[in-house]
Structures are given as structure tokens and as C-alpha cells.
Amino acid sequence: MSFTDTLDTPTRLAIEPDWLEGIDLQQMFSSAVTTAYGGPEQRQAKREKPIYRMSYSRGGLTADQARRRLQAIRSEFRQPLIVPLWPDGITLQALMTVDTAALLDVSPIEGEFETPLDLYFWDRTLGGEWRTCTVITGRTLTLSGSGTLYPAGSFVFPGHVMIKEPEEGNLESVDLETGIERLTFKTL
């Protein structure tokens, strides 16, 4: 494996948001606009899929946790990340009886859940876990490997390859005094 292979391999990163503060998700489409001399416009899409930009806060960090996050942030800017798209979470309809299958409450939006796909499962008592989905048939997910059996009502979030948005102040996005971290990600 070459040095660039390790830099281009996405790393899974699930930093749960402060749900009370909300999540800002922007969906952007890129198109070329040609305007005729008479005024009519013609638009041509440059991309088939939108670009997402997601921003949110996480609070409750102790001073020690905040210092560790400051150290980790530098490496997160150097590579692509697989991040849960928090607003697109779907709950499980039933208890997982085997660790290789899950049934969702509703069918995923077409194009949002495309296999192979990294999914982040989360439950208030069990916490979170990354799993890989190999097949989606309607509301049924087929998962590879083994993992936790999540109960009905647990959330499943699709993972998207994103980068940390290189905005001013992002390297100092953790406030050591308040324990609040501000996160901004953008799809490639």
C-alpha cells in the first residue's frame, strides 16, 4: 500500500450532535447557466447528485475530552471521512433477531442509501456502531459481519464520504471553557 492510499481511504467518524441545538443541512446543486441575448436561460446540471454541507454543535465535553478533540481535529482535515448524515436517520421497525439483517420503518429515499454503504446504528442505551450494508431490498437491510442486535426504535443513519469544511477557525472549533465543539462537513 502506498502512502497516498492511506490518505485517500475514508475514516469513519461519528460525532453525535447536540439535538437541542439542531443541525444545519444544506443541499446544493451545481449547474451551468447560459443566458440568451433576449433573456431566456438554459441550465445544464454539472452533477447528478447534490453536494451536502452539514453543520452542528456537540456539547458536554470535559476539559480533557476537549483537548483530545483539538489534537484529533488536525488529522481529520488531512483525509476523507465517512460521516453519518444525521437528518436522514430512519428508525428500525423491529428488534434485530440476527446481526446480518435489519428492517426499517420506512423505505429509504431513492439514491440516499446505495450499497455498499456504511451505516451508523444508534440507540440511547446501547450507543452507536458502524456496520456495512451490502444489499437493500425495500425496507430490509442485509449487513456484513457481526455486531450488536439493536431494538425497535433504534436509529440507522447513512454514512457519506465528506471532508471537514476548511473554514476560518475550524482548527480551533472546540471551546475548552464551555466544552462545545462546532463541526462542519461537506460531501465531495
Heavy-atom closest pair, residues Pro84 and Leu13: CD-O, 3.3 Å
Taking side-chain contact (heavy atoms from CB on, under 4.5 Å) as the test, write out the residues that go with Thr11, two or more places apart. Gln79, Leu81
side-chain hydrogen bond (donor to acceptor under 3.5 Å, both in side chains) with Ser55: which residues, sequence neighbours excluded? Thr184
How close do Thr187 and Pro50 get, counting heavy atoms only, and between which atoms? OG1-O, 4.1 Å
If Ile, Leu, Val, Met, Phe, Trp and Tyr residues are connected whenever their side-chain heavy atoms lie under 4.5 Å apart, and connections chain through other members, are Ile82 and Ile136 in the same group? no
Here the pair of heavy atoms bringing Leu126 nearest to Pro151 is CD1-CD, 3.7 Å
Sequence neighbours excluded, which residues qualify as side-chain contact (heavy atoms from CB on, under 4.5 Å) partners of Glu41? Val33, Thr35, Arg43
Would you say Arg131's side chain and Ser144's backbone share a donor-acceptor pair under 3.5 angstrom? yes
Run the ring-ring contact (aromatic ring centres under 6.0 Å, His included) test against Phe113 and tell me which residues pass, sequence neighbours left out. none
Using 0.5 Å steps for rounding, measure from the CG atom of Leu92 to the CG atom of Leu141. 8.0 Å
My understanding is that only residues two or more places apart in sequence, or in another chain, count here; which of them pass salt bridge (Lys or Arg N to Asp or Glu O under 4.0 Å) with Arg69? Glu76, Glu181
Got a sec, which residues hit side-chain contact (heavy atoms from CB on, under 4.5 Å) with Ser57, two or more places apart in sequence or on another chain? Ile180, Arg182
Side-chain heavy atoms nearer than 4.5 Å, only ILVMFWY residues, links allowed to pass through others: does that put Phe155 and Trp86 together? yes
Quick note, ring pair (Phe, Tyr, Trp, His ring centres under 6.0 Å) partners involving residues 125-150, not counting sequence neighbours, are Tyr120-Trp130, Phe121-Tyr150
Can you run down the salt bridge (charged side-chain N to carboxylate O under 4.0 Å, His left out) pairs that involve residues 15-40, sequence neighbours left out, and say none if there aren't any? none
Leu183 vs Val83 side-chain heavy atoms within contact, under 4.5 Å: no
Using side-chain hydrogen bond (donor to acceptor under 3.5 Å, both in side chains) as the criterion, list what pairs up with Thr142, not counting sequence neighbours. none
Quick check: is Met162 connected to Phe29 through a chain of hydrophobic side chains (ILVMFWY, heavy atoms under 4.5 Å apart)? no
Could you tell me how the ring of Phe157 sits relative to the ring of Trp19: parallel (under 30°), tilted (30 to 60°) or perpendicular (over 60°)? parallel
Do the rings of Tyr52 and His160 sit parallel, tilted or perpendicular, given the 30° and 60° boundaries? perpendicular
Quick one: do Met54 and Ile51 end up in the same hydrophobic cluster if we chain Ile, Leu, Val, Met, Phe, Trp and Tyr together by side-chain heavy atoms under 4.5 Å apart? no
Leu85 CG to Leu25 CG distance, which is reported to the nearest 0.5 Å: 5.5 Å
Side chain to side chain, Thr134 and Thr115, heavy atoms closer than 4.5 Å: no
Does a side-chain heavy-atom distance below 4.5 Å link Ser107 with Arg139? yes
Taking a hydrophobic cluster as the set of Ile, Leu, Val, Met, Phe, Trp and Tyr residues connected by side-chain heavy atoms closer than 4.5 Å, whether directly or through intermediates, do Met28 and Tyr56 fall within one such cluster? no
Nearest heavy-atom contact between Leu188 and Pro80 is CD1-CB, 4.5 Å
Using a 3.5 Å cut-off and no angle test, enumerate the donor-acceptor pairs between side-chain atoms of residues 94-105 and protein atoms at least two apart in sequence or in another chain.
unit_1 : atom_1 : unit_2 : atom_2 : d
Asp99  : OD2    : Gly147 : N      : 3.4
Asp105 : OD2    : Thr91  : OG1    : 2.2

Identify, with sequence neighbours excluded, every residue that meets salt bridge (Lys or Arg N to Asp or Glu O under 4.0 Å) alongside Arg12. Asp118
side-chain contact (heavy atoms from CB on, under 4.5 Å) with Thr62: which residues, sequence neighbours excluded? Asp64, Gln65
